[in-house]
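Have a look at the structure below, then the notes.
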Amino acid sequence: QLQLVESGGGLVQPAGSLRLSCATSGDTLDEYSIGWFRQAPGKEREGVSCVTYADNRYYADSVKGRFTVSRDNAKNTAYLQMDSLKVEDSAVYYCALTWSPNICSGSVGRKDVEDKVYNYWGQGTQVTVSS
């Protein structure tokens with residue numbers, strides 16, 4: 001059974017940086033596309049970024065130019081480098097795996113992606129941007 005574990009969240013000041021990791025166990029990462037989502041209290045979950053199995057990368061307009069998604073298949077880990085963080089980036093961040101690159105890319109910027117659309121979800125990691 002594949003499992004995802006996110007890490008790297010924490011408290012950071014505005015304009016700071018964090019790098020989130022999404023590590024898999026129980027299966028290799030290379031055949032999956034990886035989506036990153038976030039959910040702030042009282043708000044819908046938002047698709048933030050996606051990296052497909054072919055390493056095509058997609059970003060929501062709200063994070064474009066500030067966030068960088070990547071993957072290291074040898075380490076079975078995906079990353080979300082977050083720079084120039086803003087207070088409004090505060091949320092619980094989740095990674096999720098899907099066999100479909102179209103689902104992954106199509107999730108970016110959307111707030112209506114259902115759990116069942118993805119094959120696996122991580123437990124989330126809290127990111128708080130505050131001075």
Side-chain angles (χ1 to χ4, degrees):
Q1 178 72 15
L2 188 147
Q3 292 186 323
L4 301 176
V5 178
E6 297 104 333
S7 61
L11 173 65
V12 64
Q13 292 187 341
S17 297
L18 284 174
R19 188 178 79 157
L20 305 183
S21 298
C22 173
T24 65
S25 63
D27 198 357
T28 57
L29 190 63
D30 51 345
E31 295 182 356
Y32 292 94
S33 296
I34 304 149
W36 284 94
F37 295 81
R38 65 185 180 186
Q39 188 166 23
K43 295 190 176 181
E44 295 175 289
R45 187 172 60 197
E46 174 188 20
V48 173
S49 183
C50 157
V51 55
T52 69
Y53 68 85
D55 206 24
N56 296 309
R57 307 180 187 190
Y58 302 88
Y59 301 93
D61 288 343
S62 57
V63 306
K64 201 171 293 183
R66 301 187 296 120
F67 289 13
T68 304
V69 66
S70 62
R71 61 192 298 156
D72 186 337
N73 291 336
K75 296 182 178 179
N76 287 323
T77 302
Y79 303 96
L80 187 67
Q81 176 68 39
M82 305 187 297
D83 298 317
S84 302
L85 282 162
K86 304 176 181 180
V87 172
E88 53 263 41
D89 293 320
S90 298
V92 178
Y93 283 71
Y94 301 89
C95 63
L97 302 188
T98 174
W99 292 107
S100 170
N102 291 333
I103 286 175
C104 188
S105 61
S107 299
V108 172
R110 296 187 62 169
K111 298 181 179 180
D112 59 350
V113 177
E114 297 181 351
D115 284 0
K116 63 183 180 181
V117 171
Y118 276 74
N119 300 94
Y120 302 98
W121 288 85
Q123 84 290 349
T125 185
Q126 177 70 49
V127 171
T128 302
V129 185
S130 175
S131 55

| field | Non-hydrogen side-chain atoms of Gln39 and Phe37 separated by less than 4.5 Å | value |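 No, side chains not in contact.
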
| said: side-chain contact (heavy atoms from CB on, under 4.5 Å), that's the test. Do Val129 and Lys86 meet it? Break it down for me. | reply: CA-CA 6 Å; Val129 185; Lys86 304 176 181 180; 5.6 Å; no

| Should the heavy atoms of other residues, nucleotides or ligands under 6.0 Å from CD of Gln81 be counted, would the total exceed 12? |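 Yes.
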
| When you look at CD of Glu88, are more than 12 heavy atoms from neighbouring residues, nucleotides or ligands closer to it than 6.0 Å? |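 More than 12 within 6.0 Å, yes.
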
| message | With no hydrogens and no angle check, just 3.5 Å: does a side-chain donor-acceptor pair link Asp30 and Thr28? | response |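 Present: a donor and an acceptor within the cut-off.
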
| query | About how many Å separate CD of Gln3 and CD of Gln123, when rounded to the nearest 0.5 Å? | reply |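 Reported value, rounded in 0.5 Å steps: 10.0 Å.
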
| task | Kindly compute the distance separating OG (Ser25) from CD (Gln1), expressed to the nearest 0.5 Å. | result |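 So the gap between those two atoms works out to 9.5 Å.
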
| field | Check: Phe67 ring centre within less than 6.0 Å of Trp36 ring centre | value |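 Ring-ring flag for Phe67/Trp36: false, centres at least 6.0 Å apart.
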
| How about Tyr94 and Tyr118: are their ring centres within less than 6.0 Å of each other? |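 Here the rings of Tyr118 and Tyr94 have centres that are no less than 6.0 Å from each other.
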
| task | Would you please name every residue forming a ring-ring contact (aromatic ring centres under 6.0 Å, His included) with Tyr32, sequence neighbours left out? | result |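 By the ring-ring contact (aromatic ring centres under 6.0 Å, His included) rule, Tyr32 matches Trp99.
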
| Step-by-step side-chain contact (heavy atoms from CB on, under 4.5 Å) determination, Leu97 to Leu29 | CA-CA 9 Å; Leu97 302 188; Leu29 190 63; 3.8 Å; yes

| request: State which residue, out of Val63, Val48, Val51, fulfils the side chain to side chain contact (heavy atoms under 4.5 Å, CB included) condition with Val69. | output: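 Among the candidates, only Val51 passes.
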
| Backbone N/O of Gly124 and side chain of Glu6: donor-acceptor pair under 3.5 Å |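 Yes, Glu6 side chain to Gly124 backbone: donor-acceptor pair under 3.5 Å.
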
